[in-house]
Q: 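Got a structure here, written out as structure tokens. Questions coming.
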Amino acid sequence: MSSNLGIPSRADNFSEWYNELVQKADLADYSAVRGCMVIKPHGYALWENMQRALDDMFKATGHQNAYFPLFIPKSFFEKEAEHVDGFAKECAVVTHHRLKANPNGPGLIPDPDAVLEEPLIVRPTSETIIWNSYSKWIQSYRDLPILINQWANVVRWEMRTRMFLRTTEFLWQEGHTAHATYDEAEEETKTILECYRSFAEDWMAVPVVVGVKSEGEKFKGADHTYTIEALTQDGRAIQAGTSHHLGQNFAKAFDCKFQSAEGKLEYVYATSWGVSTRLIGTLIMAHSDDKGFVCPPRIAPIQVVIVPMGKDAETRERTIGVSRSMAESLRAKGLRVKIDEREKESPGAKYNHWELRGVPVRIEVGPRDLDAGSVVLARRDTAEKTTVLLDEVVSSVEAMLDAAQKDIYQKALAFREANTRRVDTWAEFQEIFSGEGGAGFVVAHWDGTQETEDAISDATKATIRCIPLVPLQPSDEEPGVCVFSGKRSARRVVFARAY
RNA sequence: CGGGGCGUAGCGCAGUUUGGUAGCGCGCAUCCAUGGGGUGGAUGAGGUCGUGGGUUCGAAUCCCGCCGCCCCGACCA
């Protein structure tokens with residue numbers, strides 16, 4: 001299959017296709033720092049749209065934004081045993097606060113006289129620094145709940161990075177809430193989980209499996225972890241968002257107690273939850289094609305691009321005039337519109353330019369159309385072109401955007417269904433994962449033990465993505481026997497190779 | 001950290017085997033023509049060949065060291 005990017009198609013080399021697409025669609029660029037990327041304006045606009053939608057959901061469910069420090073004292077990290085275990089090996093550590101000229105050669109060295117008394121960790125996540133504050137803020141049940149979110153950057157020193165999916169520094173939001181009861185915290189995790197599901201499906205048009213993580217895959221320090229799991233076009237799972245019930249683990253680690261209405265001292269219950277710029281990687285891998293980025297209209301940085309044509313000044317004046325008034329009408333409807341008035345580019349070049357960048361709808365304004373009182377609308381996701389009358393442009397564009405939003409979701413859903421298999425024998429399970437790369441979702445019985453989960457992962461590199469809260473199919477909740485051990489299984493779980 | 005690959009113009013590459021003082025395509029600038037799926041032509045700008053050392057009359061090219069990045073794996077959102 002030929003590619004308009006001048007790079008391998010998805011079928012040829014999915015990984016290379018992805019890397020090239022991210023750069024050529026103007027979303028991000030490599031930086032001078034290993035594993036860290038520059039998010040370019042087009043990519044950042046996408047992130048801002050995601051932020052806005054999510055932030056509105058958080059506010060609507062009673063949360064407020066705040067900001068905690070980038071640095072965390074090392075000792076804070078040592079307080080929650082499982083948490084240390086999970087993050088210690090990927091922490092950036094600040095040990096000095098000053099540089100000085102190197103006495104033995106050129107350049108600068110950390111000043112040996114400027115060693116920090118206690119090293120600071122660049123936050124990989126903020127539970128510890130936040131719970132240190134919460135323990136000061138909470139005395140009574142009247143102080144609860146605390147429902148705080150922060151938009152921040154975090155650093156995890158991963159061995160291997162990948163644009164948007166896993167970078168050393170990444171942007172995210174992390175919610176941290178404090179509650180008087182287990183049940184209230186549980187309700188909070190579910191509320192957020194539903195926000196994430198809705199955002200993924202209704203805004204990003206990415207269908208997700210909503211479920212709970214196995215013990216081995218949960219957040220380190222959590223009681224249990226909920227997740228939304230997406231499927232990429234190369235058949236891998238992506239954990240797109242998580243919502244953790246932290247129980248009283250962090251309250252105990254930071255000695256955070258409150259006095260109940262009955263006068264008893266109790267530890268606070270906690271949740272934390274987050275989504276990151278990984279969502280952008282998920283979005284690209286779910287929908288994009290060999291012509292470039294395909295973006296659902298609701299979050300597209302530019303929803304409509306208008307391409308006026310004309311070889312002579314008079315014609316250009318005419319098509320640009322119409323384009324501008326059309327843009328005004330569309331913007332009045334709240335749409336994000338761009339007019340491509342560049343003179344030196346040919347129309348074809350402009351089509352490719354904006355298709356690569358994922359603009360959902362293009363309006364072609366040429367003299368031949370205007371003579372007939374019409375323009376041409378072109379849809380990014382289907383390549384469909386239709387001619388519409390000038391006074392129907394606004395309604396037609398709105399209808400086309402709505403249709404694209406729905407169709408992109410339906411296409412992804414159909415893909416997931418076609419790549420979800422129910423497997424009952426270990427031979428078949430191994431056969432499915434015998435190749436390299438992704439193999440879709442496999443829904444199979446599991447005996448619930450860590451040993452079996454590890455054994456399956458060792459043999460196939462497939463992991464349990466989640467135990468669905470709502471079965472993908474009613475029969476998935478019927479008991480059976482484990483695909484690996486043959487022991488009893490209460491229900492089917494979802495396996496996949498993951499990013 | 002293991003395996004692989006790559007560092008030459010903004011980007012993609014050739015040149016390295018066999019040392020002789022740097023080239024192609026795209027992009028960029030200016031002008032002319034062109035304009036409904038990456039438009040054609042003319043002219044022009046742009047490179048201490050990743051870095052340090054060595055061999056040599058002479059090094060992008062040969063030798064030794066170092067650094068960086070990308071891809072695959074182990075780890076992970």
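All chains are named by letter (A, B, ...) in the order of the sequence lines, taking the proteins before the strands, and each is independently numbered beginning at 1. As a basis for the values below, the full set of heavy atoms in this structure was taken, side chains included, without hydrogen atoms, waters or symmetry mates.
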Q: Among side-chain atoms of Glu127(A) and His244(A), is any donor-acceptor pair under 3.5 angstrom?
A: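 No, His244(A) and Glu127(A) have no side-chain donor paired with an acceptor closer than 3.5 Å.
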Q: With respect to the side chain of Glu355(A), which nucleotide from G37(B), G35(B), G73(B) is positioned closest?
A: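 Of G37(B), G35(B), G73(B), G37(B) is nearest to the side chain of Glu355(A).
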Q: Report which part of the nucleic acid Arg162(A) touches: base, sugar-phosphate, or nothing (heavy-atom distance under 4.0 Å, all strands).
A: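 If one applies the 4.0 Å heavy-atom cut-off, Arg162(A) turns out to touch the sugar-phosphate alone, with no base involved.
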Q: Contact class for Glu343(A) (heavy atom, under 4.0 Å): base, sugar-phosphate, or nothing?
A: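 Base contact - Glu343(A) has a heavy atom under 4.0 Å of at least one base atom.
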Q: Which nucleotide, if any, forms a Watson-Crick or G-U wobble pair with C28(B), using both distances under 3.5 Å?
A: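 By the stated definition (distances under 3.5 Å), G44(B) pairs with C28(B).
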Q: Shorter than 3.5 Å, N or O on both sides, protein versus nucleotides 39-47 of chain B: list them out with atom names.
A:
{"from": "U39(B)", "atom 1": "OP1", "to": "Ser346(A)", "atom 2": "OG", "distance (Å)": "3.3"}
{"from": "U39(B)", "atom 1": "OP2", "to": "Ser346(A)", "atom 2": "OG", "distance (Å)": "2.3"}

Q: If the threshold is 4.0 Å, N to carboxylate O, is there a salt bridge linking Asp289(A) and Arg380(A)?
A: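 The answer is yes: the pair qualifies as a salt bridge.
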Q: How is Lys220(A) classified with respect to the nucleic acid when contacts are heavy atoms under 4.0 Å: base, sugar-phosphate, or nothing?
A: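 Counting heavy atoms under 4.0 Å across all strands, no contact is made by Lys220(A).
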Q: Provide the distance between the two P atoms, one in C11(B) and one in G47(B), to the nearest whole Å.
A: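 C11(B) and G47(B) have their P atoms separated by 13 Å.
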Q: Would you classify Lys350(A) as touching base, sugar-phosphate or nothing, given that sugar-phosphate means primed atoms plus P, OP1 and OP2, and contacts are heavy atoms under 4.0 Å?
A: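 No contact at all - Lys350(A) keeps every heavy atom at 4.0 Å or more from the nucleic acid.
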Q: Using a 4.0 Å heavy-atom cut-off across all strands, classify Gly310(A) as base, sugar-phosphate, or nothing.
A: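 Here Gly310(A) touches the bases of the nucleic acid.
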Q: Any donor-acceptor pair under 3.5 Å between the side chain of Lys385(A) and the base of G37(B)?
A: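 Yes.
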Q: When you get a sec, tell me which of G35(B), A77(B), C75(B) is the closest nucleotide to the side chain of Arg316(A)?
A: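 Among G35(B), A77(B), C75(B), the one nearest the side chain of Arg316(A) is G35(B).
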Q: What is the nucleic acid contact for Val307(A), judged by heavy atoms within less than 4.0 Å: base, sugar-phosphate only, or nothing?
A: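 No contact.
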Q: Has Lys74(A) got more than 12 heavy atoms of other residues, nucleotides or ligands less than 6.0 Å from its NZ?
A: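 Open: at most 12 neighbouring heavy atoms sit under 6.0 Å from NZ of Lys74(A).
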Q: I'd like the P distance from G46(B) over to G23(B), given in whole Å.
A: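 Nearest-Å result for G23(B) against G46(B) at atom P: 13 Å.
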Q: Is it true that Lys213(A) and Glu229(A) have a side-chain N and a carboxylate O under 4.0 angstrom from each other?
A: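 Yes, Lys213(A) and Glu229(A) are salt-bridged.
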Q: Using a cut-off of 4.0 Å on non-hydrogen atoms, how would the nucleic acid contact of Leu165(A) be classed: base, sugar-phosphate, or nothing?
A: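 Here Leu165(A) touches the bases of the nucleic acid.
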Q: Establish, yes or no, whether the cationic atom of Arg357(A) lies under 6.0 Å from the six-membered ring centre of Phe293(A) and within 45° of the ring axis.
A: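 No - Arg357(A) does not lie over the ring of Phe293(A) by the 6.0 Å and 45° rule.
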Q: Is the distance between the ring centroids of Phe250(A) and His83(A) less than 6.0 Å?
A: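 Yes, ring centres under 6.0 Å apart.
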Q: Hey, does Ser15(A) reach any base, or is it just sugar-phosphate, or nothing, if we go heavy atoms under 4.0 Å?
A: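 The answer is sugar-phosphate, as Ser15(A) gets under 4.0 Å only of primed atoms, P, OP1 or OP2.
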Q: Counting heavy atoms from C-beta on, name the nucleotide in A77(B), G37(B), G35(B) closest to the side chain of Phe170(A).
A: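 Closest of the options to the side chain of Phe170(A): A77(B).
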Q: Just the atom pairs and distances: protein N or O near nucleotides 67-70 of chain B's N or O, under 3.5 Å.
A:
{"from": "C69(B)", "atom 1": "OP1", "to": "Arg34(A)", "atom 2": "N", "distance (Å)": "3.4"}

Q: For atom CD of Glu431(A), decide whether the heavy atoms of other residues, nucleotides or ligands shown that lie under 6.0 angstrom number more than 12.
A: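 Atom CD in Glu431(A) is not crowded, with 12 or fewer foreign heavy atoms closer than 6.0 Å.
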Q: Have a look at Thr167(A) and say if it touches a base, only the backbone sugar-phosphate, or nothing, with a 4.0 Å heavy-atom cut-off.
A: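 If one applies the 4.0 Å heavy-atom cut-off, Thr167(A) turns out to touch a base.
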Q: Taking the basic N atoms (NZ, or NE/NH1/NH2) and the acidic carboxylate oxygens, is any pair closer than 4.0 Å for Glu345(A) and Lys350(A)?
A: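 No.
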Q: Counting any heavy atom closer than 4.0 Å, what does Gln239(A) reach on the DNA or RNA strands: base, sugar-phosphate only, or nothing?
A: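 Counting heavy atoms under 4.0 Å across all strands, the contact made by Gln239(A) is with sugar-phosphate only.
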Q: Scan for salt bridge (Lys or Arg N to Asp or Glu O under 4.0 Å) pairs involving residues 297-318 of chain A, sequence neighbours excluded, and state none if there are none.
A: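 Pairs touching residues 297-318 of chain A that pass the test: Arg318(A)-Asp371(A).
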Q: If you measure only the distance, is there a donor-acceptor pair under 3.5 Å linking the side chains of Lys40(A) and Gln23(A)?
A: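 No, no side-chain donor-acceptor contact under 3.5 Å.
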